[in-house]
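Report on the following structure.
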Protein chains: 2
Amino acid sequence: MSITVLVVEDEPAIQELISYNLKKSGLAPVCAANAEQATVMVNNVLPDLVLLDWMLPNSSGIEFARQLRRNSRTQAIPIIMLTAKVELDDKISGLEAGADDYITKPFSPRELIARIKAVLRRRVPEISDEIIEAGGVKIDPTKHRVFAYLNDTSAELTEVKLGPTEFRLLHFLMAHKERVYTRTQLLDRIWGDHVFIEDRTVDVHIRRLRKVLEKIGKEDLVQTVRGTGYRFSSEYEMNPEEEHQQS
Amino acid sequence: MSITVLVVEDEPAIQELISYNLKKSGLAPVCAANAEQATVMVNNVLPDLVLLDWMLPNSSGIEFARQLRRNSRTQAIPIIMLTAKVELDDKISGLEAGADDYITKPFSPRELIARIKAVLRRRVPEISDEIIEAGGVKIDPTKHRVFAYLNDTSAELTEVKLGPTEFRLLHFLMAHKERVYTRTQLLDRIWGDHVFIEDRTVDVHIRRLRKVLEKIGKEDLVQTVRGTGYRFSSEYEMNPEEEHQQS
DNA sequence: AAATTAGGTTACAATTTTGTGACAATTGAA
DNA sequence: TTCAATTGTCACAAAATTGTAACCTAATTT
């Protein structure tokens with residue numbers, strides 16, 4: 001159950017310490033030393049939680065938090081702020097800026113982990129019952145139905161029949177379209193995070209979902225991101241442009 | 001349609017317990033450990049109901065309740081307060097602050113769920129007595145009768161005889177046609193949520209209802225949604241079967 | 001190019017879910 | 001009381017879904 005935590009902390013020693021403890025608890029740390037790096041990382045890996053040092057070089061912590069909250073893609077990511085000491089002002093402005101919790105230095109690893117887990121546990125349910133439409137596919141959770149426009153011009157709809165897991169998979173991917181999820185993340189969020197299921201099983205379900213979508217001429221909507229996972233995308237084709245290589 | 005319940009409770013164990021039971025009842029819990037978090041959560045996900053521990057760290061429970069009542073956006077959200085013991089003062093001040101109900105610890109999960117549903121039901125308008133017609137079936141709640149058009153073209157009506165439960169089931173499903181309900185939801189809404197009845201019993205009643213409808217040539221009106229529940233639908237065919245198209 | 005790795009595809013047995021008929025308990029009316 | 005109607009549950013049948021292994025192809029590395 002790999003949960004990614006972005007650690008935004010300028011002091012290497014603390015960054016190291018936090019990283020170590022996160023790993024030990026089965027969380028996957030990703031580090032950034034300042035707001036710019038953090039922004040890049042957020043776009044790259046889309047963490048499940050952000051640990052944010054309030055006292056960043058240019059006091060840009062608040063700004064970074066606000067930035068996360070403004071972007072719909074990152075809006076729901078919980079933020080825990082690290083403060084040198086609880087100053088009331090900090091606390092207030094932190095909560096105003098959208099922090100979900102705060103923890104004061106120095107803190108024990110146990111406490112840190114406990115807070116993280118607490119925040120993750122109260123994660124808001126990110127899937128709603130809204131009708132979602134993208135790439136010529138419409139999914140209606142309350143009616144539990146999936147439709148597709150047969151061609152781009154007509155308004156003609158066909159219903160598609162999906163199995164329970166395929167339905168949830170499609171719903172999740174569509175609710176987070178354009179975002180890439182690893183197999184493990186998909187297992188966590190769609191199957192539930194206690195299950196003991198092979199990662200490769202996701203491939204099979206993706207395959208089944210694709211098969212159904214292909215039948216109605218909707219190809220390339222569920223895309224593979226090699227080395228990472230899958231995503232639902234109606235905006236871009238999978239073209240070479242998008243990978244950033246560094247060889 | 002998923003109903004969100006904000007659980008404001010500082011003790012993790014109880015929070016966990018409540019969460020678990022809410023989920024089991026088809027409600028979507030969202031947790032907060034104190035008033036600040038709760039405020040954030042309220043703004044994030046406008047919950048349908050708030051379960052509020054009265055004994056929060058800074059005795060801020062009352063204040064939080066008042067705060068909800070002051071804001072027009074949150075004014076109508078029902079609040080159930082959790083109290084360690086019934087102290088008259090608590091009760092009074094709680095109700096003064098705008099709580100809709102209170103429940104004393106320790107409480108049984110069953111009781112908790114029952115209270116929640118009771119409070120929620122007060123706000124959900126009951127299904128009306130209007131005559132509903134769909135899929136060639138007409139149901140008249142006041143006269144307690146069901147008719148069916150024998151074929152699509154004629155206006156010829158036949159009366160269908162249904163047992164009490166079958167009638168209510170059909171009425172409920174028709175009043176919310178196209179919408180999928182889980183067995184548990186159907187039990188809650190049709191049988192009443194205090195009853196202790198197996199989920200599978202719903203299947204049997206569905207079967208009985210179907211049997212009657214089949215007799216008058218009304219098939220596929222009550223549809224199964226695998227992994228979820230049932231629905232009344234007259235708008236779409238469920239199975240675009242392989243070989244045969246109709247006209 | 002060979003080796004290695006990641007992902008696609010298929011088949012299938014195990015499991016889950018739903019359909020169905022029977023039955024005993026209950027109710028209410030005659 | 002007796003009878004018929006209705007109800008909830010169970011057991012088994014039927015059907016759909018699911019996870020995995022095995023094998024294959026494409027991509028990447030050595």
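What you see is a predicted model; the values in this text were computed from it and never measured. Numbered from 1 within each chain, the chains take letters A, B, ... in sequence-line order.
Contact annotation: A:W191 side-chain N/O to D:dT18 OP1/OP2 distance is not under 4.0 Å. Taking only side-chain nitrogens and oxygens, B:T165 comes nearer than 4.0 Å to OP1 or OP2 of D:dT7. Residue A:T224 places no side-chain N or O under 4.0 Å from the OP1 or OP2 atom of C:dA6.
Taking every side-chain heavy atom of B:R208 into account, D:dG8 is the closest of D:dG8, D:dT18, C:dT9. Side-chain atoms of B:I197 lie closest to D:dT9 of the nucleotides D:dT18, D:dT9, C:dA11. Across D:dG19, C:dT18, D:dT7, the shortest atom-to-atom separation from the side chain of B:R200 is found for C:dT18. The side chain of B:Y230 has C:dG19 as its nearest neighbour among D:dG19, C:dC23, C:dG19.
In this structure, the CD atom of B:Q223 is 20 Å from the P atom of C:dT17, given to the nearest Å. Distance, A:D203 CG to D:dT20 P: 12 Å, rounded to whole Å. One atom, CD of B:E198, and another, P of D:dT7, lie 17 Å apart when rounded to the nearest Å. Here the P atom of nucleotide D:dA5 and the NE2 atom of B:H205 are 17 Å apart, to the nearest Å. For the pair B:R226 CZ and D:dT17 C1', the interatomic distance rounds to 7 Å; values are reported in whole Å. Look at CG on B:L162: it is 10 Å from P on D:dT7, rounded to the nearest Å. Rounded to whole Å, atom P of C:dT9 lies 7 Å from atom CZ of A:R210. We find that CG of B:L186 is positioned 13 Å from P of D:dG8, with the value rounded to whole Å.
Residues A:T228 and B:E214 each lie close to DNA chain C; by heavy-atom proximity, the contact nearer the 5' end of the strand is made by A:T228. Residue-to-nucleotide proximity on DNA chain D shows that, of B:G163 and B:D199, the 5′-proximal contact is made by B:G163.
Using a 4.0 Å cut-off between a side-chain N of Lys or Arg and a carboxylate O of Asp or Glu, B:K143 and B:D129 do not qualify as a salt bridge. No salt bridge links B:E214 with B:K218; every basic N to acidic carboxylate O contact stays at or beyond 4.0 Å. A salt bridge is absent between B:D140 and B:R145: the closest approach of a Lys/Arg side-chain nitrogen to an acidic carboxylate oxygen does not fall below 4.0 angstrom.
Under the 6.0 Å cut-off for aromatic ring centres, A:Y181 and A:F172 qualify, their centroids lying closer than that.
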Item to check | side-chain hydrogen bond (donor to acceptor under 3.5 Å, both in side chains) between A:Y230 and A:Q185, intermediate numbers included | outcome: CA-CA 10 Å; A:Y230 298 97; A:Q185 286 174 329; over 6 Å; no
